[in-house]
Protein chains: 2
Amino acid sequence: MADKPSIPKGTRDFTPLEMTRRNFIFDTIRKIFRTYGYLPIETPAMENLSSLMGKYGEEGDKLLFKILNSGDFRGGLTQEEWGSIPAARLGTMISEKGLRYDLTVPFARFVVQHRNEISFPFKRYQIQPVWRADRPQRGRYREFYQCDVDVIGSDSLLNEFELIRIMDQVFGALDLKVVIRLNNRKVLAGIVEVIGEAGRMIDIAVAIDKLEKMGLEKVMQELEEKGLKRDSLQKLGPVLEMMGDTRAKLEFLEGYLEGSPIGMEGITEIRQLYAYLGSDPVEAEVELDLTLARGLNYYTGTIFEVKSAEVPMGSVCGGGRYDDLTGIFGLEGVSGVGVSFGADRIYDVLLQLERFPRRDHMDTRLLFVNFGQEEARYIFPILRQLRSAGIATELYPDEAKMKKQMSYAHTRGIPFVALVGAQEMKEGLVTLKEMETGTQERLTTEALIRRLS
Amino acid sequence: MADKPSIPKGTRDFTPLEMTRRNFIFDTIRKIFRTYGYLPIETPAMENLSSLMGKYGEEGDKLLFKILNSGDFRGGLTQEEWGSIPAARLGTMISEKGLRYDLTVPFARFVVQHRNEISFPFKRYQIQPVWRADRPQRGRYREFYQCDVDVIGSDSLLNEFELIRIMDQVFGALDLKVVIRLNNRKVLAGIVEVIGEAGRMIDIAVAIDKLEKMGLEKVMQELEEKGLKRDSLQKLGPVLEMMGDTRAKLEFLEGYLEGSPIGMEGITEIRQLYAYLGSDPVEAEVELDLTLARGLNYYTGTIFEVKSAEVPMGSVCGGGRYDDLTGIFGLEGVSGVGVSFGADRIYDVLLQLERFPRRDHMDTRLLFVNFGQEEARYIFPILRQLRSAGIATELYPDEAKMKKQMSYAHTRGIPFVALVGAQEMKEGLVTLKEMETGTQERLTTEALIRRLS
């Protein structure tokens, strides 16, 4: 029985210190979501596999964690089928459920399933873990938290603007400098139209997404391998190399996309967003990045991505508008827009920059030393009063040596220790010792509460 | 693609109203745990199957959700093996991971794995979902939350007393009347010794556990079928039928268990706990119940179970002392004690009794009606100030008909609506309308913030 215990690779335990830091991130995000009127929902960890399959591309299907059916999962599968059917398909024959891969698809499913209880526009937030059978590496986990905020049932650009404000405010509250990059899928659609490859939108978006990582040459090569015409690639080049400020980019695009109504629509939307930002500016830099594509194919309008301006790290937040998301569950014509904050990456950035606030009150403020039964009984009502006043207080449970008890207080970082002996019991007092300075004072319970509040 | 969406049976979505109510329970519990000095941890949803198997009895093994291995999970399994190996074993050959079944075993694993970073006694709490492939029924789900609080590395009975205080305070704060039932496994061990069936402790505990549900006769019958001697059963009878107050029960037991050192130890522990309760009483009734056994076999001392005194419902909290829990992971001699609050059952009780507090502030306090672009720009900085003051505020995103916007405010239960037209913009004011009374007033932004704070 004495296995050396471990946990699955790519997953993590969180110690009290890590929990306190993570909760700082979650609480900051949640509080801001709420002041904008977003409401919390939660969905189950397990979804029907049929709700998940095919929503994240072929690659995504492979990364779904599947739950083996209960009982005799073999069902009617014959030995021959077991031997001959490809693993990917065989997996779906012995698993009906999978762990959620993100919060967006479960949200779409939620909206469709509960559409009669929801009043639109529906503004929801959702903070839950997701699971992906990705190869674990630095900054990439198999279980990680997403903090999603979406509004569905409104196509106003005021929603996009609100999300930019929220991203700005969240990272401001976390004391992180970021760059918010944005683009518009309609502009991308216009570009593929102009270069004469209108049907290859997804391939091109996926390739462009790798631009930062792989460089222009390799992306061009990949696109050529995927069958894009030389001529198309030549027309695409200038867009991907486009530098300069937002005004310059928009002016370039206005010429470039002249013949594409959808492209021009994209430009109008971007201009409108910048107009909002002009009248109500944000702290963060908001950069128009024509090479921003975002791989997932359900986006149809504005797309966002946020990166730290201080630390090289993948994106810490991203999202966009999707016009058809609920369509996959049978509800057409409901447009939504949202972003997802990656709590784990934000954690890593804060840690690296040493930006976590020092938390004095992460736990116990006061430890009563245990001198024995009689003293314990004297302390009971004092404990009750301190805790009622919200002061986290402990009585050391064992009658251990003084040194051991003090060492516990020290290791746990408890700032005060209380001593109660015969003298204190007679006088109705408590001796309070401050650990850092060593100073002692004798106090009534009321004074003790005032001192520690 | 247009599947009618659904979720796996036994799982649930939580709407904003349900979330608010659930968070009321979690926040109440968490706040109390903290004032007693317990620290938060979290463990991954997936554990290695080897950490889970064999920890919950044969029945428990069947109820584990197994995660199908990624890639070609068939490994070296031949077609013949696929056809001939029993499903239960076959499952463990194609799955290395499982979803956690409770929080106690992962906690034991955590303690052993992190023992060099932990200072003992280690007081931790953990609030996370667990998964069981149980047959779903009213009040029983396949995904549900446990709120566990444990102290490990101390065998002082002060810990048991503290847990009773915590249970009392939690249910008091939730405005629920409960009965805390307690017993001691050492007393049970003494009883099986006295009746001459010392080796049958688990069988007897499991049978006694069903006493309330099945009645004495059927339990006796079950024990007889399991091979207990007639003579033993006759000796057992009087204990199970024992009624009366705690003093009477303890006096009876002291005679009954005279020849059993472990039994007498159990009585001493119970007496000590009642002595603590005598000097520092709790609100709830604390009943000594000799028929309380609790099925799980890792308990070795005090055991607890809490039931509503107002609503017939399974136990809403339970736990006990386990001397050997970390032993299953190779760390011997660390005693712990803890209880687990069942958030879902508590939810059901609160709902049935209509005891959830009315939450006026569950969401948006103020909705700005959207009259158009120009007005929106005027409103932007006001929105910013209101939100900075912590007042949840929305601007309706679309320039929809007034009626539609008011209907949104009404459905969402937003208590105030703000109107800004040409006149307000000229005067730098906002017209505030209270939805319930219909009264209107014109306010500066500062006055608006004061009014809504």
Side-chain angles (χ1 to χ4, degrees), chain A residues 1-3 5 7-8 11 13-16 19 34-35 37 39-46 48 50-51 65-68 70 72-73 79 82-83 87 91 95 97 109-110 112-113 119 121 133 143 154 156 158-159 279-280 328-330 363-364 377 380 387 390 392 394 397-398 408 411-412, chain B residues 1-3 5 7-8 11 13-16 19 34-35 37 39-46 48 50-51 65-68 70 72-73 79 82-83 87 91 95 97 109-110 112-113 119 121 133 143 154 156 158-159 279-280 328-330 363-364 377 380 387 390 392 394 397-398 408 411-412:
Chain A
M1 287 288 265
D3 317 331
I7 49 178
T11 70
D13 284 326
F14 297 113
T15 62
M19 285 294 295
R34 295 180 71 136
T35 61
L39 301 175
I41 71 160
E42 279 185 13
T43 61
M46 300 187 282
N48 290 324
S50 58
S51 297
F65 280 112
K66 299 182 186 69
I67 312 275
L68 192 61
S70 299
D72 197 344
F73 49 84
Q79 294 189 18
W82 164 261
S95 312
K97 295 180 283 291
R109 196 260 315 137
F110 179 100
V112 177
Q113 202 173 321
S119 55
E143 173 180 68
S154 160
S156 164
L158 280 173
N159 299 300
S279 58
D280 191 25
I328 56 182
F329 294 110
D363 61 350
T364 304
R377 288 216 180 78
F380 286 159
R387 288 167 181 158
E394 292 179 45
D398 303 283
Y408 173 81
T411 317
R412 278 280 306 274
Chain B
M1 286 287 264
D3 316 332
I7 48 178
T11 70
D13 285 326
F14 297 113
T15 63
M19 285 295 293
R34 296 181 71 136
T35 61
L39 301 174
I41 70 160
E42 279 185 12
T43 61
M46 299 186 281
N48 290 324
S50 59
S51 297
F65 280 112
K66 299 182 185 70
I67 312 277
L68 192 61
S70 299
D72 196 344
F73 49 85
Q79 294 188 16
W82 165 260
S95 312
K97 295 181 283 288
R109 197 260 315 137
F110 179 99
V112 177
Q113 202 174 322
S119 54
E143 172 179 67
S154 161
S156 164
L158 280 173
N159 299 301
S279 57
D280 191 25
I328 56 181
F329 294 111
D363 62 349
T364 304
R377 287 214 180 80
F380 285 158
R387 288 169 181 157
E394 293 180 44
D398 303 283
Y408 174 81
T411 317
R412 277 280 305 274

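The contact between A:K97 and chain B is made entirely by side chain atoms (from C-beta outward), counting heavy-atom distances below 4.5 Å. Residue contact with chain A, scored on non-hydrogen atoms closer than 4.5 Å, involves the side chain of B:S95 exclusively. Within the 4.5 angstrom heavy-atom criterion, only side-chain atoms of A:E143, from C-beta onward, approach chain B. Both the backbone and the side chain of B:F380 have a heavy atom closer than 4.5 Å to some heavy atom of chain A. The part of B:L158 that comes within reach of chain A is its side chain, from C-beta onward, which places non-hydrogen atoms under 4.5 angstrom from that chain. With a 4.5 Å cut-off on non-hydrogen atoms, A:S70 touches chain B through its side chain but not through its backbone. Contacts between A:L68 and chain B at a heavy-atom distance below 4.5 Å involve backbone atoms as well as side-chain atoms.
Distance CZ/B:F14 to CZ/A:F110: 10.5 Å, rounded to 0.5 Å. The OG1 atom of A:T364 sits 6.5 Å away from the CG atom of B:L39 when rounded to the nearest 0.5 Å.
Among A:P44, A:G37, A:P121, A:A392, the residue making the largest number of heavy-atom pairs under 4.5 Å with chain B is A:P44. Contact tally against chain A (heavy-atom pairs below 4.5 Å) for B:A45, B:G91, B:P8: the top residue is B:P8. Between chain A and the options B:I7, B:T11, B:T411, B:I67, the largest number of non-hydrogen pairs under 4.5 Å is found for B:I7. Of the listed residues B:M19, B:R377, B:R387, B:E394, the one with more heavy-atom pairs under 4.5 angstrom with chain A than any other is B:R387. No other option in B:D72, B:T43, B:D13, B:N48 has as many heavy-atom pairs under 4.5 Å with chain A as B:D13.
Counting only heavy atoms from C-beta outward, the side chains of B:F73 and A:K66 never approach each other to under 4.5 Å. Side-chain contact between B:M46 and A:F65 is present, with at least one heavy-atom pair separated by less than 4.5 Å.
Residues A:S156 and B:D398 have side chains that never bring a donor and an acceptor to within less than 3.5 angstrom of each other. A side-chain N or O of B:N159 and one of B:S154 form a donor-acceptor pair less than 3.5 Å apart.
Taking every heavy atom of both residues into account, A:W82 and B:Q79 meet most closely at CD1-CA, 4.0 Å.
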**Report entry** salt bridge (charged side-chain N to carboxylate O under 4.0 Å, His left out) between A:R412 and A:D363, worked out
**Finding:** CA-CA 8 Å; A:R412 278 280 306 274; A:D363 61 350; 3.0 Å; yes
